[in-house]
Number of protein chains: 2
Amino acid sequence: MKLDSEHLEILAVIVEKGGLTEGADVLGKSQPSVSRSMALLEERIGLPLFEPGRRPLRPTELGASLARLGAKIRSANQEASLLVQRFRQGLAGRLRVGGSPIFMDGVVATMVAEFQGRHSDVQIDQSYGYLDQLETGLRNGGLDVAILPLHPAQVPLDMEFTPLLPGNNVIACRAGHPLTRRKAITLADIEPYAWIAPPANSPLYRDLQRALKSIGQEEFRVNFSGGTLASMQSVLAGSDALTVLPYSVVFLSRRTVPLEVLPLKIDHPDRQLGFLTVTDRQGPPAVRQFTGFLAAEFQRLQARIEHEQKLTLRRG
Amino acid sequence: MKLDSEHLEILAVIVEKGGLTEGADVLGKSQPSVSRSMALLEERIGLPLFEPGRRPLRPTELGASLARLGAKIRSANQEASLLVQRFRQGLAGRLRVGGSPIFMDGVVATMVAEFQGRHSDVQIDQSYGYLDQLETGLRNGGLDVAILPLHPAQVPLDMEFTPLLPGNNVIACRAGHPLTRRKAITLADIEPYAWIAPPANSPLYRDLQRALKSIGQEEFRVNFSGGTLASMQSVLAGSDALTVLPYSVVFLSRRTVPLEVLPLKIDHPDRQLGFLTVTDRQGPPAVRQFTGFLAAEFQRLQARIEHEQKLTLRRG
DNA sequence: GATATAATATCGCATTGTGTTATGAAACTG
DNA sequence: CAGTTTCATAACACAATGCGATATTATATC
């Protein structure tokens with residue numbers, strides 16, 4: 001025999017509040033309504049839930065025991081309501097975020113901690129990929145947001161792209177690298193040094209090729225490739241090798257890894273770092289929270305970058 | 001916003017069983033019914049509970065979380081059903097039993113342990129009193145059963161009395177008492193010994209008076225009175241004093257206290273030990289269990305007593 | 001990629017449960 | 001023994017739930 005959970009919850013409130021009338025008030029129902037609910041429950045159980053002929057209704061032993069279970073049910077139900085609320089506001093749930101590896105590791109990941117500090121119940125599943133994979137991921141629902149550098153013309157028709165930062169690349173080396181002591185750097189200066197290359201199929205690798213071509217260096221020697229940002233940083237810091245990285249990545253990396261940017265103008269790819277979502281699919285509400293958060297955070301980052309650049313210019 | 005606990009329970013089953021159809025089976029409902037319930041829940045929440053366009057229905061993150069809470073609710077509900085069942089069968093609950101002190105301590109209490117071994121969830125509240133108090137206790141609902149020696153004419157009109165044992169009293173003393181060595185005992189033999197008296201307002205005290213009067217001894221010396229059975233037993237075992245007790249009490253006490261019965265015929269009060277309940281009020285179902293148990297247990301006790309008496313006669 | 005199959009959604013209709021207000025009965029209070 | 005409080009009942013509207021029949025749509029199979 002299945003009891004009605006609603007009835008048990010009502011019973012719990014009545015017992016807790018010490019009376020049917022007050023219980024009805026707390027429940028936001030009319031007194032006759034809860035009275036009838038209890039009558040129904042009693043009828044089904046076939047045993048009295050309340051001592052007969054007591055005016056502030058007092059539960060029998062059975063009534064009190066069932067009330068305890070009703071309270072359990074009630075608290076679970078309330079927890080469910082809260083969960084839904086937080087979900088609605090994007091304060092709970094799971095978020096599947098994909099993006100280009102270097103950028104995710106170097107910039108986005110540093111912001112995730114902060115985001116989770118504010119929205120502790122949002123679980124973030126991070127994955128890596130380039131445009132093609134991210135696009136299909138978004139389409140088949142395997143991803144909620146993609147974060148990557150993109151040219152306006154590359155944005156698929158069914159998707160929306162929100163730029164966050166210019167995709168400026170720079171040539172980076174370890175702090176204290178011989179080249180950093182020079183005021184101006186020529187092609188001949190950098191020619192002897194080996195390069196750390198991002199994965200060969202990554203846009204960043206093509207950026208590297210293009211950048212070097214733009215300053216006239218068609219050939220370059222690669223002494224490390226295929227690693228994630230963490231590896232690149234280690235090799236970079238421990239050798240005199242050079243690499244190409246988004247400026248934002250270098251900027252944030254410097255908090256933990258001693259890197260410097262070579263004062264050498266290279267071609268910037270005409271791309272913006274930003275996030276990509278499917279138009280007309282809002283996904284879990286946490287997406288809005290997260291993208292909103294990212295937008296604000298990147299604005300702060302850009303401001304910090306510009307501030308620093310001003311200082312550098314003044315000094316330089 | 002209050003969610004429907006029933007909906008959450010359904011959700012839990014669907015998620016657990018991995019599909020709506022199977023879930024409906026387990027719940028004993030039709031597939032359309034649970035489908036609509038889920039549609040309603042989703043509509044109220046305003047967020048998808050299941051991944052869209054997946055045929056064996058798969059829950060979203062929110063759906064899975066809510067299902068966990070639904071499972072909680074479901075288990076509490078099932079526990080409630082079980083509780084009701086056990087209550088119905090008298091296997092759970094609380095029982096308020098009152099009775100005359102000596103008899104409760106000496107006989108009934110030894111049976112309570114056994115009863116609780118079989119019906120572990122029945123809590124027994126024992127209290128002491130004589131006819132008047134027990135009667136009012138039964139009437140105002142403070143007691144479920146009373147156990148006491150009663151004359152048929154004393155049974156109140158609105159109550160029912162079920163006899164369990166004849167209320168035979170005997171004169172008891174410690175084992176090894178000087179009187180036990182005699183074959184026949186006369187009034188003169190017992191005259192020197194002091195008496196342990198039950199509380200002055202107890203029927204047993206009046207029995208003592210009557211018994212001694214019946215064998216011709218109008219006066220008697222009391223050296224201990226007012227104690228419960230435990231005290232009486234201690235004094236009895238540690239001295240040469242005598243007392244009057246129901247035979248059943250002496251019989252059971254001998255398992256732990258070395259007592260003997262003096263072979264002296266005394267007047268038996270015309271009373272039966274038994275239990276008293278209010279007619280037309282069945283009280284908690286555990287009452288039936290308990291009274292039924294007592295009846296069986298007393299039958300066994302009586303058989304043991306009769307067996308012993310046969311042995312004694314044969315030996316004597 | 002057409003087709004078969006299984007899983008889910010929707011429809012129409014009867015039944016049950018829930019909510020309300022109005023009102024009666026019973027128990028507590030002073 | 002009033003007056004008050006507390007609960008039960010009646011009558012009605014409406015929402016939810018039950019069902020079978022049937023349409024729709026992923027997935028599996030060839």
Which nucleotide sits closest to the side chain of A:Ser37: C:dT18, C:dA9, C:dG17?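 Nearest to the side chain of A:Ser37 among the choices is C:dT18.
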What I want to check is whether the side chains of [X] and [Y] have a donor and an acceptor closer together than 3.5 Å.
| X | Y | value |
| --- | --- | --- |
| B:Thr279 | B:Asp158 | no |
| B:Asp125 | B:Gln123 | yes |
| B:Glu6 | B:Ser37 | no |

Between [X] (side chain only) and [Y] (backbone N and O only), is there a donor and an acceptor less than 3.5 Å apart?
| X | Y | value |
| --- | --- | --- |
| B:Ser75 | B:Lys72 | yes |
| A:Thr291 | A:Val287 | yes |
| A:Thr60 | A:Leu49 | yes |

A correct 5'-to-3' footprint of nucleotides 22-30 of chain C, with B, S and - meaning base, sugar-phosphate only and no protein heavy atom under 4.0 Å, is B--BBSS--
Show me the dot-bracket string of DNA chain C, counting Watson-Crick or G-U pairs under 3.5 Å, with | for pairs to another strand and [ ] for crossing ones. ||||||||||||||||||||||||||||||
Do B:Leu143 and B:Arg96 come within less than 4.5 Å of each other through their side chains, counting heavy atoms only?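 B:Leu143 reaches B:Arg96 side chain to side chain.
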A side-chain contact here means heavy atoms from C-beta on lying under 4.5 Å apart; do A:Leu148 and A:Phe103 qualify?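 No. Closest side-chain heavy atoms not under 4.5 Å.
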[atom1] of [X] to [atom2] of [Y]: how many Å apart, nearest 0.5 Å?
| X | Y | atom1 | atom2 | value |
| --- | --- | --- | --- | --- |
| A:Leu273 | A:Phe298 | CG | CZ | 7.0 Å |
| A:Arg271 | A:Gln154 | CZ | CD | 7.0 Å |
| A:Leu8 | B:Ser5 | CG | OG | 9.0 Å |

Quick check: closest heavy atoms across B:Pro199 and B:Tyr205, and the distance to 0.1 Å?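 Taking B:Pro199 first and B:Tyr205 second, the nearest heavy atoms are O-CB, 3.3 Å.
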Which heavy atom of A:Pro101 sits nearest to which heavy atom of A:Gly129, and what is that distance?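 Shortest heavy-atom contact: CD-O, 4.3 Å.
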Does any donor-acceptor pair link the side chain of A:Arg36 with the base of C:dG19 at a separation under 3.5 Å?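 Between C:dG19 and A:Arg36, which were checked side chain against base, a qualifying N/O pair under 3.5 Å is present.
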Within residues 4-30 of chain A, residues whose heavy atoms come under 4.0 Å of DNA chain D: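 The answer is A:Gly19, A:Leu20, A:Thr21.
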Please list, in numerical order, the residues of residues 60-75 of chain A that have a heavy atom closer than 4.0 Å to any atom of DNA chain D.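 Within this stretch, nothing sits under 4.0 Å of the strand.
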In plain terms, say whether B:Glu61 and A:Arg94 are close enough for a salt bridge, that is, a side-chain N and a carboxylate O under 4.0 Å apart.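 Yes, this pair counts.
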From [atom1] of [X] over to [atom2] of [N], roughly how many Å is that when rounded to an integer?
| X | N | atom1 | atom2 | result |
| --- | --- | --- | --- | --- |
| B:Glu42 | C:dT10 | CD | P | 10 Å |
| B:Arg58 | C:dA6 | CZ | P | 21 Å |
| A:Leu3 | C:dG17 | CG | P | 13 Å |

Which nucleotide of DNA chain D is the first, and which the last, in the 5' to 3' direction, to come under 4.0 Å of a heavy atom belonging to chain B?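 On DNA chain D, the outermost contacted nucleotides are D:dA16 to D:dT27.
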What residues form a ring-ring contact (aromatic ring centres under 6.0 Å, His included) with A:Phe293, not counting sequence neighbours?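 Expected list: A:Phe115.
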